[in-house]
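Structure first, then comments.
Heavy-atom basis, side chains included; hydrogens, waters and symmetry copies ignored.
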Amino acid sequence: MIGSPHVHVRKVRIQNFRSLRNLEVDLESYLSIIVGKNNSGKTSLLLAMERFLAGGLNVRFELDDFNIELQKRLGRLLDETEEPTEPFPPCGITLRLFIEYGDTDDLGNVGDKVIMDLDPDNRQIVLDFLYHIPSENLAALTRDYKAHKAKKAAEAKKAKTALEFLRGDLRRYFKLARRSVQF
């Protein structure tokens with residue numbers, strides 16, 4: 001029925017996925033059309049949403065899915081030319097959904113771990129999906145990369161670059177996280 005309240009994804013924000021460094025798209029309640037020139041990020045937007053929302057626990061990202069700036073930052077962190085900040089901010093790909101709902105909406109599909117605001121006038125849920133490297137995994141990755149370089153040096157062989165090393169075992173260090181965010 002037109003005019004009745006309904007669950008609606010109002011806005012999508014994607015960070016660090018391919019060419020999308022920090023994209024925010026407002027969506028209409030009825031129909032949204034994504035248009036743009038070739039290589040402007042249309043397919044990347046849809047692919048990021050598909051990977052996070054349809055992938056379940058088996059979300060698969062590759063190093064080439066990381067934005068170039070993120071790849072460079074990871075390389076600097078592994079080469080220890082950049083120090084991680086405390087607290088360590090999410091370092092990876094993120095998708096944030098801004099969802100509006102009405103009084104009569106069934107939010108069963110949203111999940112049972114969503115923090116709902118106790119303010120009855122607030123009709124918004126914000127969900128984060130992250131494919132990131134937790135600080136403890138960054139420490140382990142840095143340690144493993146140092147060991148790799150030391151081993152290759154002892155063998156008088158060329159070590160992999162930081163990104164080549166990471167490419168081989170990305171899933172070991174990067175983890176999927178989902179959370180509701182309260183503003």
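No more than 12 heavy atoms of other residues, nucleotides or ligands sit less than 6.0 Å from atom NZ of K72. Around atom CD of E136, more than 12 heavy atoms belonging to other residues, nucleotides or ligands sit under 6.0 Å away. No more than 12 heavy atoms of other residues, nucleotides or ligands lie within 6.0 Å of CZ in R21, so this atom counts as exposed by the packing criterion.
For the pair F98/V9, no side-chain contact is recorded, criterion being any heavy-atom separation below 4.5 Å from C-beta on. Looking at I93 and D65, their side chains come closer than 4.5 Å, going by heavy atoms from C-beta outward. Side-chain contact between L20 and N67 is absent, with no heavy-atom pair separated by less than 4.5 Å. At a threshold of 4.5 Å between non-hydrogen side-chain atoms, the residues T94 and N16 do not count as touching. With contacts defined as side-chain heavy-atom distances shorter than 4.5 Å, the pair E24/K11 qualifies. Looking at L141 and L166, their side chains come closer than 4.5 Å, going by heavy atoms from C-beta outward. A 4.5 Å side-chain heavy-atom check between R18 and L47 finds at least one atom pair inside the cut-off. By the 4.5 Å heavy-atom criterion applied to side chains, L77 and L138 are counted as neighbours.
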Are K175 and N137 close enough, and set up right, to give a side chain to side chain contact (heavy atoms under 4.5 Å, CB included), and what steps lead you there? CA-CA 9 Å; K175 302 299 176 198; N137 289 17; 3.6 Å; yes
For R167 and D64, run side chain to side chain contact (heavy atoms under 4.5 Å, CB included): C-alpha distance rounded to whole Å, both residues' side-chain angles, the deciding distance at 0.1 Å, then the answer. CA-CA 9 Å; R167 182 181 307 276; D64 293 332; 3.2 Å; yes
Steps toward ring pair (Phe, Tyr, Trp, His ring centres under 6.0 Å) verdict (F61, F52): CA-CA 10 Å; F61 288 99; F52 277 117; 5.1 Å; yes
For R172 and D144: C-alpha separation, side-chain torsions, deciding distance, then whether side chain to side chain contact (heavy atoms under 4.5 Å, CB included) applies. CA-CA 11 Å; R172 179 175 173 196; D144 294 348; 3.5 Å; yes
Would you please test R51 and R60 for side chain to side chain contact (heavy atoms under 4.5 Å, CB included) and show each step? CA-CA 7 Å; R51 292 226 180 126; R60 296 189 66 86; 5.6 Å; no
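Placement of I125 and V25 within a single hydrophobic cluster is found when ILVMFWY residues are connected by side-chain heavy-atom separations under 4.5 Å, directly or transitively. In terms of hydrophobic clustering, with Ile, Leu, Val, Met, Phe, Trp and Tyr side chains grouped at heavy-atom distances under 4.5 Å, L53 and L46 are assigned to different clusters. Transitive grouping of hydrophobic side chains (ILVMFWY, heavy atoms separated by less than 4.5 Å) keeps L74 and L130 in distinct clusters.
Results of the salt bridge (charged side-chain N to carboxylate O under 4.0 Å, His left out) test with D128 over R178, R96, R13 single out R96 as the only residue that passes.
Q71 places no side-chain N or O within 3.5 Å of a backbone atom of L163 that could act as its donor or acceptor partner. In terms of modelled atom types and a separation under 3.5 Å, the side chain of H8 and the main chain of L27 share a donor-acceptor contact. Formation of a donor-acceptor pair under 3.5 Å by the H148 side chain with backbone atoms of F165 is not found in this model.
The structure places OG1 of T161 at 9.5 Å from CG of L78, a figure rounded to the nearest 0.5 Å. Here the straight-line distance linking atom OG of S180 with atom CG of L97 works out to 12.0 Å at 0.5 Å rounding.
Here Y173 and Y145 keep their ring centres 6.0 angstrom or further from each other.
Between E28 and R10 there is no salt bridge, since no side-chain N of the basic residue sits under 4.0 Å from a carboxylate O of the acidic one. At a threshold of 4.0 Å, the pair E155-K152 counts as salt-bridged, since one of the basic side-chain nitrogens sits closer than that to a carboxylate oxygen.
With sequence neighbours excluded, the residues that form a ring pair (Phe, Tyr, Trp, His ring centres under 6.0 Å) with F174 are F66, Y131.
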